[in-house]
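To keep things clear, I will list the structure first and then write my remarks on it.
All values reported here derive from a predicted model rather than from experimental measurement. In the text below, chain A, chain B and the rest are named by the order of the sequence lines, each starting its count at 1.
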There are 2 protein chains.
Amino acid sequence: MQLDQLDRLIIGVLLEDGRATFAQIGDRVGLSAPAVKRRVDRLVSSGAIAGFTVRVDPSVVGWSTEGYVEIYCRGSTTPGEILKAVDKHPEVVSASTVTGEADAILHILASDIRHFEQVVERIASEPFMVRTKSELVLSPLVRREQGSLPTDIGS
Amino acid sequence: MQLDQLDRLIIGVLLEDGRATFAQIGDRVGLSAPAVKRRVDRLVSSGAIAGFTVRVDPSVVGWSTEGYVEIYCRGSTTPGEILKAVDKHPEVVSASTVTGEADAILHILASDIRHFEQVVERIASEPFMVRTKSELVLSPLVRREQGSLPTDIGS
DNA sequence: TTTGAAAACAGTAAAAC
DNA sequence: GTTTTACTGTTTTCAAA
C-alpha cells in the first residue's frame with residue numbers, strides 16, 4: 001500500500017499515542033475526525049498498521065531475562081526453515097536473517113536464566129542447527145522499538 | 001509497582017489490542033468498565049504501562065534498512081556513557097549492555113544503507129569507542145516485540 | 001480498598017452533502 | 001474532504017462489599 005504525507009503524519013501521532021482520539025489526531029494533522037477514522041481504518045485493513053499495543057517494560061511483567069542469540073546453520077538451510085523453527089517459541093520476540101558470519105539473530109525474552117537456556121537448547125536441537133552464540137542483556141539502555149518515522153515527520 | 005493477576009490479565013489483553021475498550025477488557029477479565037479504567041489509569045501513572053502505540057512494519061513507513069551493531073568500548077566506559085552516546089540517535093531503537101566479547105548491542109533502523117552507515121560512523125566516532133561490528137538484516141522473520149506474558153496468562 | 005451502577009460527558013461511526 | 005446525528009464508550013459520582 002502507498003502512504004501519502006497525511007497517512008505518515010497519522011502514523012506518527014499513533015506511534016506516540018496509540019489511543020489518541022480521531023479528533024486529537026485530526027487537530028495535529030489538519031483533518032476532521034471522520035477523515036482520520038477513514039484513513040486509520042484503511043491503514044488497518046490494508047495491513048500498513050498491523051495493530052495496536054501497549055508499551056510495557058518486560059521486566060515489570062515478568063520477562064526478567066533477555067538476550068540475543070546468533071544462530072549458525074547448515075549451508076542448505078532456508079529462511080523459511082529458520083522461521084518455522086523459531087516462530088513456535090513465544091519467547092522469540094524477533095528473528096532476522098543477517099549478513100556476516102551468523103545466519104540469523106534472535107531476540108529472546110525469558111522469565112529467568114533457566115528458562116532462557118531451555119529455549120536456546122530447544123532451538124539448538126533443530127536438525128539444521130550447527131551452533132548458537134548467546135549474549136545475555138545486562139542492562140537495557142534504550143528501548144524505543146520504533147518511536148518515530150524517517151525524516152522525523154510526525155513529531 | 002506490584003501487579004496482581006487482574007493487572008496482568010488486563011496488560012495481556014492490551015498487548016493484543018491496545019485500543020480495546022474498557023468494557024471489552026472487562027468482559028475478558030471479569031470486571032466492569034470503570035474498574036478496568038481505574039486499573040489502567042493506575043498502571044499508566046505508576047509507569048508499569050509506558051504508553052500505547054501502533055504496530056507498524058518499519059519498511060512500510062520508510063525504515064527499509066535495519067541492522068544490529070555490536071560495540072566494543074575502552075575498559076573504563078560506563079553504561080551511562082554508552083547510553084548518552086546512542087540515545088541521541090533516533091535511529092537506535094534499542095541498546096543494551098551484554099555479556100560476551102562486545103560491550104553492547106544496538107538495534108538500528110535507517111532509511112537506507114547510506115543512512116545506516118552514517119549513524120554507525122557517528123557512533124563509532126565517540127571517544128570511548130574501540131570498534132563496531134555490524135550485521136545487516138536480510139529478511140525479518142519474526143517481529144513480535146512482546147506479544148505475550150510469561151506463563152501465557154492473558155491469552 | 002476496590003468494586004459496580006448510573007448519569008453526564010466525550011468520542012465513534014454512518015449518514016448526509 | 002466536512003458536517004450532522006445517533007450511537008457507543010468514557011469518566012465521574014456514589015453506594016456497597
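A:Leu6 comes within contact range of the sugar-phosphate backbone alone, with a heavy-atom separation under 4.0 Å but no base atom that close. Counting non-hydrogen atoms under 4.0 angstrom, B:Thr21 reaches the backbone sugars and phosphates but no base. If you check every strand for non-hydrogen atoms under 4.0 Å, B:Arg42 touches nothing.
Counting only heavy atoms from C-beta outward, the side chains of A:Glu121 and A:Phe116 never approach each other to under 4.5 Å.
Protein atom CD of B:Gln24 is 18 Å distant from nucleotide atom P of C:dG11, rounded to whole Å. Rounded to whole angstrom, the span from the CZ atom of B:Phe52 across to the P atom of D:dT10 amounts to 11 Å. Atoms CZ (A:Arg39) and P (C:dA13) sit 17 Å apart, rounded to a whole Å. Per the geometry, CG belonging to B:Asp27 stands 10 Å off P belonging to D:dG9, to the nearest Å. The CG atom of A:Asp41 sits 9 Å away from the C1' atom of C:dA13 (whole-angstrom rounding).
Regarding contacts with the backbone of C:dG11, every side-chain N or O of A:Arg19 stays at 4.0 angstrom or more from both OP1 and OP2.
Evaluation of atom-type donor-acceptor distances gives a pair under 3.5 Å for the side chain of A:Arg38 against the base of D:dT2.
When distances run from any side-chain atom of A:Lys37 to the nucleotides D:dT12, C:dA13, D:dT2, the shortest one goes to C:dA13. Nearest nucleotide to the A:Phe22 side chain, out of D:dT2, C:dG4, C:dA13: C:dA13.
To the nearest 0.5 Å, the span separating OG1 on A:Thr53 from CG on B:Leu14 amounts to 9.5 Å.
Using a 4.0 Å cut-off between charged side-chain N and carboxylate O, B:Asp4 and B:Arg39 make a salt bridge. With respect to A:Glu126 and A:Lys88, a salt bridge is recorded, a charged nitrogen being found less than 4.0 Å from a carboxylate O.
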